[in-house]
Colleague: 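The following block contains the structure, expressed as structure tokens.
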Amino acid sequence: PIPTYLVGVAVSDYQHIDYVHTGQYGDIPVQLVARPQHINDMENTFELLDDAIDIFESWYGPYIWERVGFVLTPRGAMEHCTNIAYPIPSGIGGPTFGGNRLMAHELAHHWWGNMTTLSGPENMWIKEGNAEYGAHLFTEYTAGEEAFVDQVKSNNLLVLRTADNNDDGFHPLSGIPFEHTYGVHTYRKGASMLHNMRTYMGDTLFQIGQQSVLENFLYTSIDAETYRDHLALVTGLDMNPFFDDWIFAPGHADYEINTIDIQPTGGQFNIEVEIQQKGRGTIDFHDDVPMTIAFYDEDYQKTEFDFMVSGEISTANFTLPFEPIMQILNPNQA
């Protein structure tokens, strides 16, 4: 049982390449479909498709459909079940970053959107944000941590620069105006917030929670409240602060070191750091936000601490065996 929008038929003088991929949960038939003059280029373009299947099964659970299928069409891209319509230029352009991102995004919909969908357009971020963040996870798996962080940072910058302009203001992800259902907020800020959710929960609980949502709401729809409550149920985490600040409220939060006090004590250094939260397009200060601070010694070797901040002003205390010459919040910028 699937929504009718997920059904698609493509007709042409097609050829196809068929093979079987051995995934984490068993064998998965794969079919690549294109017109004769495009089939070889398509095979080359999709050389990392098996990696995409593997990383999504790792994060989201088993691929449940009867095959993975992509078909080149004059217009795409659309996550039709087992028969993803994929634009010809992207499908024959080689395994570029942009092409791989689109491939991974559309495949991720076979979990987010095709297994579990959204209750209404005001929560389009649930499927599109997860699919776009799936493309981030694909980069992390195939290209490594540095490329992944670059993608996260690039996506965040795009959101900061364009979301409010393109979508006529700052909006919460849940409750997006109908006319901006498919805007920057839904796709790109959605991916950014999924990354924040992963950081808030930690990798293990994020994986457990995401898989549980897909398993328990298979072939049905959810809204943001249901998503929040189920994540809390299966992980034991209070997800209300995260959803209240990042999903149900508009705008962006920023954090900076306001003051730092260093006191030498018996060969060690006690450090008190005051963090100030600022906002852009927000309606309130965020609470229970995970933060990382790095302290650097005279050889620029760093020592990191994780801590939480809430409200406009937060203080945190640390003890170091050296006097830091520099300190940076969120040193990885991701």
Side-chain angles (χ1 to χ4, degrees), residues 51 55 58-59 97 100-101 133-161 191-209 235 237 241-242 245-246 252-280 285-334:
D51 289 327
I55 193 57
S58 174
W59 280 106
F97 173 81
N100 284 332
R101 186 200 67 78
Y133 190 58
H136 288 41
L137 297 174
F138 167 80
T139 298
E140 184 179 30
Y141 181 67
T142 58
E145 180 71 15
E146 184 176 348
F148 168 70
V149 170
D150 284 345
Q151 188 169 355
V152 170
K153 290 163 57 178
S154 176
N155 185 68
N156 287 344
L157 182 59
L158 184 149
V159 171
L160 289 168
R161 283 179 168 174
S192 183
M193 294 307 98
L194 265 298
H195 182 66
N196 283 4
M197 184 191 291
R198 175 185 172 185
T199 302
Y200 183 83
M201 301 178 72
D203 280 9
T204 298
L205 292 183
F206 180 69
Q207 180 188 48
I208 290 171
T235 66
L237 285 178
F242 178 85
D245 294 334
W246 298 107
H252 314 281
D254 177 66
Y255 303 86
E256 61 184 48
I257 296 174
N258 208 18
T259 64
I260 182 165
D261 181 64
I262 302 174
Q263 297 292 333
T265 305
Q268 292 189 317
F269 296 85
N270 294 330
I271 302 168
E272 182 179 270
V273 179
E274 182 180 278
I275 308 297
Q276 183 175 8
Q277 180 183 164
K278 297 182 178 181
R280 181 169 181 260
F285 292 110
H286 296 189
D287 292 319
D288 296 337
V289 178
M291 195 70 58
T292 300
I293 190 169
F295 296 99
Y296 294 80
D297 64 19
E298 60 185 5
D299 296 319
Y300 292 97
Q301 299 300 305
K302 69 179 178 180
T303 299
E304 292 187 352
F305 296 93
D306 296 324
F307 63 105
M308 303 287 282
V309 298
S310 293
E312 182 179 8
I313 301 294
S314 300
T315 58
N317 294 278
F318 311 95
T319 300
L320 288 170
F322 60 88
E323 182 175 7
I325 64 168
M326 181 174 66
Q327 50 281 326
I328 299 176
L329 275 181
N330 192 17
N332 295 323
Q333 300 182 41

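Scope of the values below: all heavy atoms of this structure, side chains included, with no hydrogens, waters or symmetry mates.
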Colleague: Between Thr315 (side chain only) and Glu274 (backbone N and O only), is there a donor and an acceptor less than 3.5 Å apart?
Modeller: no

Colleague: Please tell me whether Phe148 and His195 form a close aromatic pair, meaning their ring centres lie under 6.0 Å apart.
Modeller: yes

Colleague: Apply side chain to side chain contact (heavy atoms under 4.5 Å, CB included) to the pair Phe97 and Gln151, showing each step before the final yes or no.
Modeller: CA-CA 10 Å; Phe97 173 81; Gln151 188 169 355; 3.6 Å; yes

Colleague: Is Asp287 reaching over with its side chain to a backbone N or O of Ser310, donor-acceptor style, under 3.5 angstrom?
Modeller: no

Colleague: Okay, side chain of Asp299, backbone of Gln301: is any donor-acceptor separation there less than 3.5 Å?
Modeller: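 Not a single qualifying donor-acceptor pair exists.
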
Colleague: Decide yes or no for Leu320 and Phe305: does some side-chain heavy atom of the first lie under 4.5 Å from some side-chain heavy atom of the second?
Modeller: yes

Colleague: With sequence neighbours left out, write down each residue that passes side chain to side chain donor-acceptor pair (under 3.5 Å) with Asn270, or none if nothing qualifies.
Modeller: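 Partners of Asn270 by the side chain to side chain donor-acceptor pair (under 3.5 Å) criterion, ordered by chain and then number, come out as Thr265, Thr319.
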
Colleague: Output yes when a side-chain donor or acceptor of Ser154 lies under 3.5 Å from a complementary backbone atom of Asp150, and no otherwise.
Modeller: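 Answer holds: no.
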
Colleague: Between Tyr255 and Asn330, is any pair of side-chain heavy atoms under 4.5 Å apart?
Modeller: no

Colleague: Would you sort out whether Tyr200 and Trp246 count as a side chain to side chain contact (heavy atoms under 4.5 Å, CB included), showing the intermediate values?
Modeller: CA-CA 11 Å; Tyr200 183 83; Trp246 298 107; over 6 Å; no

Colleague: Can you name the residues that form a side chain to side chain donor-acceptor pair (under 3.5 Å) with Glu323, not counting sequence neighbours?
Modeller: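 Applying side chain to side chain donor-acceptor pair (under 3.5 Å) to Glu323 gives none.
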
Colleague: Indicate whether the side chain of Asn155 and that of Ser192 have a donor and an acceptor atom separated by less than 3.5 Å.
Modeller: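 No, because no side-chain N or O of Asn155 sits under 3.5 Å from a partner of the opposite role on Ser192.
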
Colleague: Spell out, as yes or no, whether a donor-acceptor pair under 3.5 Å connects the side chain of Gln277 to the backbone of His286.
Modeller: yes

Colleague: Under 6.0 Å from the CD atom of Glu298, do we count more than 12 heavy atoms belonging to anything else shown?
Modeller: no

Colleague: Under the rule for side chain to side chain donor-acceptor pair (under 3.5 Å), what residues qualify as partners of Asp51, not counting sequence neighbours?
Modeller: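 Asp51 satisfies side chain to side chain donor-acceptor pair (under 3.5 Å) with no other residue.
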
